[in-house]
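These figures come from a predicted structure and were not determined experimentally.
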Amino acid sequence: MKIVVFGSECKADKLPVIKGLFGKLASLGAEVFVQQSYSEFLGIALGYVPDAVSTVAESAVDESFDMALSVGGDGTFLRTAMHINRRNIPILGINIGHLGFLADVSGNQIDETLEELFRHEYRIEERTLLHLQGYEHGFGGYNFALNEIAVLKRDTSSMLTIHVYMDDVYLNTYVADGLLIATPTGSTAYSMSVNGPILLPHNRNFVISPVAPHSLNVRPIVIPDEAKFSLNVESRTESFLVAVDGRSEDVKVGNSLIISKANFSIKLIKRFNQTFMQVLREKLMWGADPRC
């Protein structure tokens with residue numbers, strides 16, 4: 001099995017888990033390639049060079065790889081998805097960070113999870129992405145979001161006025177610090193922190209959630225993912241922020257942003273015995289009694 005490993009910087013106390021991962025891959029006879037920047041971090045910062053692995057530049061990853069491993073937290077997973085792009089390579093998220101909905105395999109589950117993968121005992125979930133148009137020259141040419149696209153005010157500037165049209169029909173004008181359009185995957189990310197609803201991953205919907213709206217009767221709304229949105233933004237400053245999965249850039253007032261469902265998806269590897277409801281209970285500590 002040909003595997004590419006992506007990762008990000010981490011503290012030295014995570015090194016035993018990382019060594020265990022590469023050791024297990026070696027014992028299973030995997031052909032392992034490591035993202036070049038991650039390989040450099042492991043060697044320089046942590047003094048660790050995995051045995052019998054090769055390095056590969058992100059641009060050189062192609063569909064000959066059977067799967068990708070993302071080692072870190074959800075932020076690392078989002079960057080891995082960006083590098084995978086349209087290459088149709090399924091991704092397994094290994095969590096050595098904090099709260100992880102995308103990177104949901106913990107360090108003590110690595111061995112058994114990899115053994116299941118090599119026995120082909122896993123399932124694939126396809127996750128919808130958002131596509132941002134109207135600002136094609138930004139975001140390094142990758143204007144797709146697995147979690148959300150956010151329109152936000154800059155620093156301490158005054159609130160934004162955001163006119164939203166859905167399929168060319170006027171929806172609402174939001175006066176707020178910002179506005180989020182989230183996928184089902186992103187419903188447990190930024191959208192949840194502004195009181196947006198949680199969607200199951202296979203739902204064919206998006207969520208529009210205002211950030212600190214001026215009017216309290218403006219609530220999040222769930223809409224079908226076939227819809228296309230047009231956002232026209234007014235601001236007292238010359239620009240505002242647009243964030244695509246946390247990658248933010250200044251956008252000049254006057255740009256009309258078009259947001260729609262992407263024409264490709266990202267494939268996630270999930271264990272057979274792992275359900276989204278189980279992940280919710282564990283990550284959000286549903287039913288946990290802090291007195292115990």
Side-chain angles (χ1 to χ4, degrees), residues 1-7 14 16-34 61 63-81 83-129 146-147 182-189 192 197-205 225 264-288:
M1 188 174 288
K2 187 177 179 182
I3 296 174
V4 57
V5 180
F6 292 87
K14 305 298 183 184
V17 177
I18 296 171
K19 286 183 175 180
L21 168 65
F22 283 104
K24 187 63 178 179
L25 289 171
S27 71
L28 291 169
E31 183 183 4
V32 181
F33 292 76
V34 183
V61 175
E63 292 192 358
S64 67
F65 286 90
D66 297 296
M67 65 181 61
L69 304 184
S70 173
V71 183
D74 283 357
T76 305
F77 193 101
L78 292 173
R79 288 189 291 274
T80 300
H83 295 312
I84 294 301
N85 202 337
R86 300 173 181 268
R87 295 184 178 92
N88 209 35
I89 304 171
I91 308 170
L92 175 71
I94 296 174
N95 186 11
I96 61 171
H98 299 292
L99 183 69
F101 283 95
L102 293 168
D104 53 10
V105 174
S106 59
N108 59 8
Q109 298 174 321
I110 290 175
D111 284 5
E112 59 182 326
T113 301
L114 291 179
E115 289 171 2
E116 291 168 358
L117 296 187
F118 276 72
R119 294 196 301 265
H120 301 284
E121 297 174 358
Y122 60 90
R123 56 191 171 84
I124 299 291
E125 289 184 0
E126 295 203 22
R127 299 292 181 91
T128 301
L129 294 94
L146 179 58
N147 269 356
T183 66
T185 300
S187 69
T188 53
M192 184 170 67
I198 295 175
L199 303 181
L200 299 182
H202 60 269
N203 279 89
R204 296 181 177 180
N205 300 104
D225 66 3
F264 69 100
S265 61
I266 292 292
K267 293 178 170 58
L268 275 63
I269 296 174
K270 296 295 179 181
R271 304 178 69 187
F272 275 136
N273 63 352
Q274 185 181 54
T275 66
F276 183 69
M277 280 66 81
Q278 176 188 357
V279 173
L280 280 180
R281 289 195 304 270
E282 292 176 355
K283 302 298 183 181
L284 300 182
M285 301 181 67
W286 284 357

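Of the possible donor and acceptor atoms, none in the side chain of Asn205 sits under 3.5 Å from a partner among the backbone N and O of Pro184. Judged purely by atom type and a 3.5 angstrom limit, Thr183 uses its side chain to pair as donor or acceptor with the backbone of Leu146.
From Ile91, atom CD1 reaches atom NZ of Lys270 across 10.5 Å, with rounding to the nearest 0.5 Å. Atom CG of residue Leu25 and atom CD1 of residue Ile3 lie 5.0 Å apart, to the nearest 0.5 angstrom. With rounding to the nearest 0.5 angstrom, the CG atom of Asn95 is 7.0 Å from the CG atom of Asp74. Atom CZ of Arg87 sits about 6.5 Å away from atom CD1 of Ile84, to the nearest 0.5 Å. We find the CZ-CD distance between Phe276 and Gln274 to be 11.0 Å, quoted to the nearest 0.5 Å. If you take CD1 on Ile94 and OG on Ser106, they are separated by 10.0 Å, rounding to the nearest 0.5 Å.
The two atoms that bring Ile124 and Lys267 nearest to each other are CG2-CB, 3.7 Å, heavy atoms only. When all heavy atoms of Phe118 and Ala30 are compared, the closest pair comes out as CZ-CB, 3.5 Å. For the residue pair Arg86 and Glu63, the shortest heavy atom distance occurs at O-OE2, 3.7 Å. When all heavy atoms are compared, the tightest approach of Asn88 to Pro90 is O-CD, 3.7 Å. Ala103 and Phe77 make their closest contact through N-CD1, 4.4 Å (heavy atoms, listed as atom of the first residue, atom of the second, distance). Annotation for Arg123 and Arg271: closest pair NE-O, 3.4 Å, computed over non-hydrogen atoms.
A 4.5 Å side-chain heavy-atom check between Leu92 and Tyr122 finds every atom pair outside the cut-off. Side-chain contact between Val71 and Lys14 is absent, with no heavy atoms from C-beta onward closer than 4.5 Å. Annotation: side chain of Leu21 is in contact with side chain of Leu69 (closest heavy-atom distance under 4.5 Å). Proximity of Met67 to Leu117: side-chain heavy atoms (C-beta onward) are separated by under 4.5 Å at one or more points. By the 4.5 Å heavy-atom criterion applied to side chains, Ile198 and Ser187 are counted as neighbours. Counting heavy atoms from C-beta on, the side chains of Val279 and Thr188 never come closer than 4.5 Å. Residues Gln109 and Glu116 form no side-chain contact, since every pair of their non-hydrogen atoms from C-beta on lies 4.5 Å or further apart. The side-chain heavy atoms of Thr185 and Ile266, taken from C-beta on, include no pair separated by under 4.5 Å.
Using a 4.0 Å cut-off between charged nitrogen and carboxylate oxygen, Lys283 and Asp104 do not count as a salt-bridge pair.
Using a 3.5 Å distance cut-off with no hydrogens or angles, the side chains of Glu282 and Gln278 do pair a donor with an acceptor.
Taking the six-membered ring for Trp and thresholds of 30 and 60 degrees, Phe33 and Phe65 have ring planes more than 60 degrees apart, a perpendicular arrangement.
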Would Glu115 and Glu121 count as a side-chain contact (heavy atoms from CB on, under 4.5 Å) here? Give the steps. CA-CA 9 Å; Glu115 289 171 2; Glu121 297 174 358; over 6 Å; no

Taking it one step at a time, do Met192 and Leu284 satisfy side-chain contact (heavy atoms from CB on, under 4.5 Å)? CA-CA 11 Å; Met192 184 170 67; Leu284 300 182; 3.9 Å; yes

